[in-house]
Amino acid sequence: MPEVVRELEVGLGERSYPIRIGHGLLGSEDLTGFVTGDRVMIVTNDTVAPLYLEKAKACFPGKRVDSVVLPDGEQHKDWQTLNLVFDALLTHRHSRSTTLVALGGGVIGDMAGFAAACYQRGVAFIQIPTTLLSQVDSSVGGKTGINHPLGKNMVGAFHQPRAVLIDTDTLLTLPQRELPAGLAEVIKYGLIRDLPFLDWLETNIKALADRDPAALAEAIYRSCACKAEVVSEDEREGGLRAILNLGHTFGHAIETHAGYGQWLHGEAVGTGMLMALDMSVRLGMLSENDRQRARNLILRAGLPEWPPGDISPARFLDLMAVDKKNVAGALRLVLLRDLGEATVTSEFDSRALDATLAYYCCAANPG
Ligand code: NAD
Ligand code: GLY
């Protein structure tokens with residue numbers, strides 16, 4: 001039975017929704033209050049289904065629950081796989097009053113959310129994230145979508161869930177490589193907006209890497225609190241929300257270059273944040289001491305320091321030109337003015353960017 005359930009709210013007026021965090025929630029929480037009609041379609045994948053599908057079904061007593069099991073992997077975050085969700089909904093005759101449930105990591109959350117945004121012009125959905133990354137980031141805030149071969153997350157919609165249920169017990173089955181990937185997004189919150197949290201992370205990073213349940217629950221709570229605050233202030237990324245993309249412009253370029261699924265999203269964000277920190281120092285915005293402090297934390301989390309050895313500065317620039325933050329062709333980057341204080345700007349000396357790219361590409365490929 002769950003011992004402690006902590007709850008936060010994403011404040012969006014009549015579309016506000018709760019984030020419930022605790023252990024043992026899957027199977028014991030009743031989520032029927034968030035279901036519009038009498039039918040539910042759980043969207044999951046072939047890795048997560050054997051672990052958690054039956055427990056997830058138990059969250060909807062009295063409802064007719066169907067499920068669709070997608071192939072696992074970032075390389076399947078595409079139209080073809082998305083269509084399997086519509087196939088299932090139509091085959092089982094789901095109407096506009098159905099509720100979709102995303103059960104899995106960020107890939108499933110983004111795809112199920114996008115399917116919910118599109119199906120019959122929009123139906124309700126619930127997030128049950130099962131990776132650290134999805135629990136601290138992708139399940140909150142309503143960004144949904146799929147990848148295009150030419151750019152990451154380039155097709156999608158804003159569509160908020162009705163509720164987010166985070167069962168921290170699911171992290172016990174997470175493959176080892178996925179943990180640092182989630183920690184990258186956790187560290188991001190400390191760097192962009194929450195210096196006390198960054199201090200806390202420096203003390204607790206080993207406990208987190210060792211999957212200490214109390215440390216993970218605290219990190220998830222504080223990350224979700226930070227994200228909920230930002231999303232409540234700027235739901236559709238008119239301004240502030242862009243800071244949540246620290247390291248992502250570099251990171252998306254790495255993911256696209258390497259081929260979706262080769263680098264984990266969180267790994268690419270970790271390296272991308274190191275590149276953004278480096279550039280912030282070159283622009284005179286951040287001290288070298290602070291960069292080293294942040295770098296140590298990112299590396300202690302187990303994240304990679306260098307981009308792939310075969311990516312050139314020119315290729316980086318080409319891929320970074322396809323970014324949703326760019327305005328009128330100008331590259332906009334999230335940089336740090338200080339630890340705990342991010343800024344989004346297109347007004348930077350491009351020589352700093354060139355120097356960062358040259359440094360990281362050269363170090364990654366010394367030959
Ligand atoms: P993922 O969804 O690919 O999950 C990682 C792996 O873990 C997969 O193989 C998955 O099947 C498996 N898995 C999931 N839960 C498990 C569990 N409890 N036990 C064992 N295995 C489990 O990757 P992710 O890191 O969760 O998400 C990355 C995706 O999220 C990217 O596509 C990224 O673009 C997206 N994202 C979206 C947002 C947003 O705001 N919408 C934010 C950040 C990232
Ligand atoms: N992960 C970035 C955002 O939700 O805005």
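Here the structure is a predicted model, which is why all the values come from computation and not from measurement. Numbering of ligands and ligand atoms starts at 1, following listing order. Heavy-atom basis, side chains included; hydrogens, waters and symmetry copies ignored.
- In this structure, Arg222 fails the cation-pi test against Phe197, since its NZ or CZ atom is not both closer than 6.0 Å to the six-membered ring centre and inside 45 degrees of the ring normal.
- We find that Glu288 and Arg295 are not joined by a salt bridge, their nearest charged nitrogen and carboxylate oxygen being 4.0 Å or further apart.
- Of all atoms in ligand 2, listed by their number and element, those nearer than 4.0 Å to a heavy atom of Lys227 are 1 (N), 3 (C), 4 (O).
- Those atoms of ligand 2 with a heavy atom of Asp137 less than 4.0 angstrom away are 1 (N).
- Tested against Cys59, the residues Asp167, Leu31, Val40 include a single side-chain contact (heavy atoms from CB on, under 4.5 Å) partner, Leu31.
- Between Phe316 and Phe250, the ring-plane angle classifies as perpendicular under the 30° and 60° cut-offs.
- Defined by atom type and a distance below 3.5 Å, a donor-acceptor pair is present between the side-chain atoms of Tyr52 and Thr173.
- An N or O contact shorter than 3.5 Å links Lys143 to ligand 2 by distance.
- Residue Val231 does not touch ligand 2, judged by heavy-atom distances below 4.0 Å.
- Counting atoms of ligand 1 from 1 in the listed order, those under 4.0 Å from a heavy atom of Asn153 are 34 (O).
- In this structure, Gln80 places its CD atom where only 12 or fewer heavy-atom neighbours from other residues, nucleotides or ligands lie under 6.0 Å away.
- In terms of protein heavy-atom proximity, atom 6 (C) of ligand 1 is nearest to Glu178 OE2, 3.5 Å.
- Using a cutoff of 4.0 Å between basic side-chain nitrogens and carboxylate oxygens, Arg293 and Asp199 are scored as salt-bridged.
- At least one side-chain heavy atom of Leu89 sits less than 4.5 Å from a side-chain heavy atom of Leu100.
- The shortest N or O to N or O distance between Pro175 and ligand 1 is not below 3.5 Å.
- Looking only at heavy atoms of the protein, atom 22 (C) of ligand 1 is closest to Leu174 CD1, 3.9 Å.
- When only non-hydrogen protein atoms are considered, atom 31 (C) of ligand 1 lies nearest to Glu74 OE1, 3.1 Å.
- Shortest contact from atom 9 (O) of ligand 1 to any protein heavy atom: Asp72 OD2, 2.6 Å.
- Both the backbone and the side chain of Thr173 come within contact range of ligand 1, each with a heavy atom under 4.0 Å.
- The distance from ligand 1 to the heavy atoms of Thr170 drops below 4.0 Å at these ligand atoms: 17 (C), 18 (N).
- Nearest-heavy-atom check against atom 36 (N) of ligand 1 across Ser138, Gly141, Gly145 picks out Ser138.
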